[in-house]
2 protein chains.
Amino acid sequence: MNPKKLKCCPWCGYGTGTRYGYRTTRKQPFFGSQKPSRRAAEDRDHKFLRIAIEEAYKGVECGDGRPYGAVIVRNDEVVVSCHNMVLRNKDPTAHAEITAIREASQKLDQISLADCEIYASCESCPMCFGAIHFSRIKRLAYGATAEAAGSIGFSSFTGDAWKDAGFPQLEIKKIDDSGAEQVFEMTKGKFI
Amino acid sequence: MNPKKLKCCPWCGYGTGTRYGYRTTRKQPFFGSQKPSRRAAEDRDHKFLRIAIEEAYKGVECGDGRPYGAVIVRNDEVVVSCHNMVLRNKDPTAHAEITAIREASQKLDQISLADCEIYASCESCPMCFGAIHFSRIKRLAYGATAEAAGSIGFSSFTGDAWKDAGFPQLEIKKIDDSGAEQVFEMTKGKFI
């Protein structure tokens, strides 16, 4: 028997009596003003993603690396805002997300970033995806698809292939209409 | 039609006339003294892997991180020999392979490590696997399986799940009887 089936729901008082997972037929409790409206949550996502996209442009402009940016956020505040530093640091691992995770860990003086979110201008590659996993970041929101990066010759590998192979929970959100795809089109002249 | 099927073998003069991939029914050309004997190649692998294993012990001993070591070799010479620095650097990305790639790139003053091999005391996680890919290292040889690491509570994720999804050619070798599995047993007292 699957042991998960024996686990009771965490809001047992609200439960239906079933011990099969966390499902309940009753309505979820209402959290009042603590729960942001859908529109406010979208605006928040666009605000932080916009910073990551600006970082991507900035990184190309100053010759630090390829057009990728990442921002780490904690309690609605930007902890670090970074871009790809592969060329500047002569370090093939210095992708935007990895650079941001390193800098945030230093700044917050902690290895675990479990209370943080990361905004990436583009879908993370498997290396960055692994770094996000090891840093225990709780949420990843990204703009462009890896496919868009691939269309002008950058790596289009994603973590998809191993994400389902027992990867722990990480909330992942693709943010549309952010202008992130245009980054590649606008900067390709520097790389092709 | 699969375009790969039209690709001729790179040693066309030796070919069998088939244009289906690189296979040939003729014996491969003999490279004389340049080709090491199987025994010599095995001894060489064990020599470099031993250094990676010693690094793993060293890293635990001085409290720098978890029991993992990695060595980068070029032209039969050790370029860098590193261990996991996650605790010392407060950096969740500072796995042994990533640290070695960063240091080797700095030392050789080049982003591409295409002329290098990496020896890792344990099978690489997806993050390190990605870093190896981006550094263009040509060969990865490792000792312990990720399963052995998992048996005492460390991550047992590997790059297997996405390796087959279009991952470029990288020679990967599991080296047996190296003593790499024992690293976890011998050091677990520091972590459990």
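Letters go in sequence order (proteins before strands), and every chain restarts at 1.
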Distance from A:C125 atom SG to B:H133 atom NE2, nearest 0.5 Å?
8.0 Å
Do [X] and [Y] belong to the same hydrophobic cluster, where Ile, Leu, Val, Met, Phe, Trp and Tyr are linked whenever their side-chain heavy atoms lie under 4.5 Å apart, directly or via other members?
X	Y	value
B:Y142	B:Y119	no
A:F134	A:M127	yes
B:F129	B:L113	yes
B:I53	B:F184	no
A:I101	A:L108	yes

Please identify each residue that fulfils side chain to side chain contact (heavy atoms under 4.5 Å, CB included) with B:S112, with sequence neighbours left out.
B:A114, B:R136
Applying side chain to side chain contact (heavy atoms under 4.5 Å, CB included) to A:K107 and not counting sequence neighbours gives A:V79, A:V80
Please state whether the side chain, the backbone, both or neither of B:E103 comes within less than 4.5 Å of a heavy atom of chain A.
neither
Take a 6.0 Å sphere around [atom1] of [X] and say whether it holds more than 12 heavy atoms from other residues, nucleotides or ligands.
X	atom1	answer
B:D177	CG	no
A:Q106	CD	yes
A:E42	CD	yes

Contacts with chain B made by residues 56-75 of chain A (heavy-atom distance under 4.5 Å), listed by residue number:
none
Taking every non-hydrogen pair under 4.5 Å, which of A:A104, A:C128, A:S105 racks up the most with chain B?
A:S105
Determine which residues belonging to residues 83-96 of chain B lie within contact range of chain A, meaning some heavy atom pair is under 4.5 Å apart, and list them by number or answer 'none'.
B:V86, B:L87, B:N89, B:K90, B:D91, B:P92, B:T93, B:H95
